[in-house]
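Right, one structure below, let's go through it.
All values reported here derive from a predicted model rather than from experimental measurement. All values below were derived from every heavy atom in this structure, side-chain atoms included, with hydrogens, water molecules and symmetry-related copies excluded.
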Amino acid sequence: MVVVMKLNSAQEQIDRVNEWLHNRGFQTHMIKGVKRIVIGAVGDKRSVAMASIEALPGVEKVMRVMKPYKLVSREYKEENSVIKVGHLEIGGQRLVVIAGPCAVESKDQLVTAARAVYKSGAAILRGGAYKPRTSPYSFQGLEEEGLRLLAEAGEETGLATVTEVIDEASLNMAVNYVDMIQIGARNMQNFRLLQLAGKVNKPVLLKRGLSATVEEWLMAAEYIITSGNENVILCERGIRTFENSTRNTLDLSAVALAKTLTHLPVIVDPSHATGKRELVGPMSRAALAAGADGLIVEVHPDPQVALCDGPQSLHPVEFDSLMAGLRPLAAAVGRTL
């Protein structure tokens, strides 16, 4: 349920309501909005009557959250959440572009990519240190060495950094090096990993699973938030359908739908969604038009020799052209880039 406090509620009244709910077995979360404070309460609604809560001093009204996902829903929080990643924010007026290679291969490769995407206007550097690959014979990543190189490249360019984690060990290692952790499509329903991500002090980029419904995607985010980490960013990266001309099918309707169902920021990965570099530009523009808060794009200094996802990676020149084309579109939808 959501407990809406009156505009002039004293802190003592807010604390009393919070304590009252805790004593009856509810887990509470404070939302400090522009105009008022709201207390989100998750627990057994049969243990209390709404009238009992509304009778408490300072309470304006109590509303049930009907969605199965509680803390990520618009019913819980009407205003858009703005998530801080390093020195910047995702979910606000600015559209944020994350760019970089699929995998960290070497210092020269990563630094070259970092300098290029920074010059073109990207805000966050991506780079995989741990790579969950379909084939056990494929490149699996440099692990801690890759994290160290990612941190160095971020420090040199001033870019925030993000990398994917695949288990508890990689999560515990990555939080020491990067500004944001990513949970990939294959791990969207790795509930233990979601709960662990909810206990770290880093924002989480949560990709939609290959065959996940929007509700399942939002429920995965709920796992992270109920574990204590409210800084979650959703990423649509395409789903598996009968179509085989593209790597996946980019579901932009899910972006627009998610923006109505949740207060969390939603970004789009056109690289993994299409698997073809010539489609990244059109799908990036379509994503911004659909209401996405940003993009995550694969960029490699030499895609032809990339150890991972070369066919979908943009050359820095192509990425620069993409960014130039996105700026007028961002202005057209009332955002900045």
For atom CG of N201, is the number of surrounding heavy atoms from other residues, nucleotides or ligands below 6.0 Å larger than 12? no

Decide yes or no for K119 and D320: does some side-chain heavy atom of the first lie under 4.5 Å from some side-chain heavy atom of the second? no

Quick check against the 3.5 Å criterion: does Q189 have a side-chain atom that pairs as donor or acceptor with the backbone of E216? no

Walk me through it: do V17 and Q13 pass the test side chain to side chain contact (heavy atoms under 4.5 Å, CB included)? CA-CA 6 Å; V17 173; Q13 294 173 325; 5.6 Å; no

Can you give me the closest heavy-atom contact between A41 and F26, atom names plus distance? CB-CD2, 3.8 Å

Mind checking the CD-OG spacing from E89 to S81? Nearest 0.5 Å is all I need. 11.5 Å

Has the side chain of E243 got a donor or acceptor atom that lies under 3.5 Å from a matching backbone atom of T249? no

Residue pair M173 / E143, side-chain heavy-atom distance below 4.5 Å: no

Drop me the distance from E278's CD to Q312's CD, to the nearest 0.5 angstrom. 11.0 Å

Residues A330 and L95: closest non-hydrogen pair is CB-CD1, 3.6 Å

Short side-chain donor-acceptor distance under 3.5 Å, Y177 and E144: yes

Closest heavy-atom contact between A221 and V232? CB-CG1, 4.1 Å

Hey, mind stepping through R126 and T163 against side chain to side chain contact (heavy atoms under 4.5 Å, CB included) and telling me if it holds? CA-CA 6 Å; R126 62 155 294 160; T163 198; over 6 Å; no

Verify side chain to side chain contact (heavy atoms under 4.5 Å, CB included) between L88 and I124, making sure each step is shown before the conclusion. CA-CA 9 Å; L88 55 90; I124 301 176; 4.0 Å; yes

I'd like to know if the side chain of T274 reaches the main chain of P270, judged simply by a donor and an acceptor atom lying under 3.5 Å from each other, with no hydrogens or angles considered. yes

Any side-chain to backbone donor/acceptor pair from R285 onto L322? Under 3.5 Å, distance only. no

Look at the side-chain heavy atoms of Ile, Leu, Val, Met, Phe, Trp and Tyr, link any pair under 4.5 Å apart, and say whether V280 and F319 land in one connected group. yes

Please tell me whether I90 and L205 are part of a single hydrophobic cluster in this structure, the criterion being side-chain heavy atoms less than 4.5 Å apart. yes

Does CD belonging to E12 count more than 12 external heavy atoms closer than 6.0 Å? no

H272 and D309: side chain to side chain donor-acceptor pair (under 3.5 Å), yes or no, with the steps? CA-CA 9 Å; H272 280 91; D309 291 346; 3.3 Å; yes

Rounded to the nearest 0.5 Å, how far does CE of M5 lie from CD1 of I14? 5.5 Å

Tell me whether V297 is reachable from V266 by hopping between hydrophobic residues (I, L, V, M, F, W, Y) whose side-chain heavy atoms are closer than 4.5 Å. yes

Quick one: does N18's side chain get under 4.5 Å of V3's, heavy atoms only? no

State, to 0.1 Å, how close I166 and N190 come at their nearest heavy-atom pair, and which atoms those are. O-ND2, 4.3 Å

Has R335 got a side-chain atom pairing as donor or acceptor with G92's backbone, closer than 3.5 angstrom? yes

Going from OG1 on T157 to CD on E152, what distance comes out if it is rounded to the nearest 0.5 angstrom? 11.5 Å

Any idea which heavy atoms bring D293 and P265 closest together, and the distance? OD2-CA, 3.3 Å

I would like to know whether L234 and L218 meet side chain to side chain contact (heavy atoms under 4.5 Å, CB included); could you show each step before the answer? CA-CA 8 Å; L234 300 170; L218 298 181; 3.5 Å; yes

N229 side-chain N/O to V200 backbone N/O, donor-acceptor pair under 3.5 Å: yes

Rounded at 0.5 Å granularity, tell me how far OG1 in T226 sits from OH in Y69. 15.5 Å

Any R64 side-chain heavy atom under 4.5 Å of M50 side chain: yes

Between T112 (side chain only) and Q109 (backbone N and O only), is there a donor and an acceptor less than 3.5 Å apart? no

Can you pull out every salt bridge (charged side-chain N to carboxylate O under 4.0 Å, His left out) where at least one residue sits in residues 188-214? Sequence neighbours excluded, please. K207-D269, R208-E236, R208-D251

Whether T262 side chain and K259 backbone form a donor-acceptor pair below 3.5 Å: no

Can you classify the ring geometry of Y76 versus H29 as parallel (below 30°), tilted (30 to 60°) or perpendicular (above 60°)? perpendicular

Do I181 and V204 touch side chain to side chain, with heavy atoms closer than 4.5 Å? yes

Quick one: are V85 and I233 in side-chain contact, heavy atoms under 4.5 Å? yes

Is there a path from M180 to L295 through hydrophobic residues (I, L, V, M, F, W, Y) whose side chains come within less than 4.5 Å of each other? no

For the CZ atom on R327, are there more than 12 heavy atoms of other groups (residues, nucleotides or ligands in this structure) within a distance under 6.0 Å? yes

Side-chain donor/acceptor of S271 to backbone N/O of E298, under 3.5 Å: yes

Grouping I, L, V, M, F, W and Y whenever their side-chain heavy atoms are under 4.5 Å apart, do L210 and I183 come out in a common cluster? no

Non-hydrogen side-chain atoms of L279 and L250 separated by less than 4.5 Å: no

Taking all heavy atoms of C308 and all of A103, pick out the closest pair and write down the distance. CB-CB, 4.0 Å

So, taking the atom named NE2 in H22 and the one named CG in D15, what distance separates them when rounded to the nearest 0.5 Å? 10.5 Å

Quick test of your reading of the model: are R16 and E19 salt-bridged, counting only N-O distances below 4.0 Å? no

Check whether any side-chain heavy atom of V38 sits under 4.5 Å from a side-chain heavy atom of E78, and report yes or no. no

Could you tell me whether a side-chain N or O of S120 sits under 3.5 Å from a main-chain N or O of V117, the two making a donor and an acceptor? no

Tell me whether E155 at atom CD has more than 12 heavy atoms from other residues, nucleotides or ligands lying less than 6.0 Å away. no

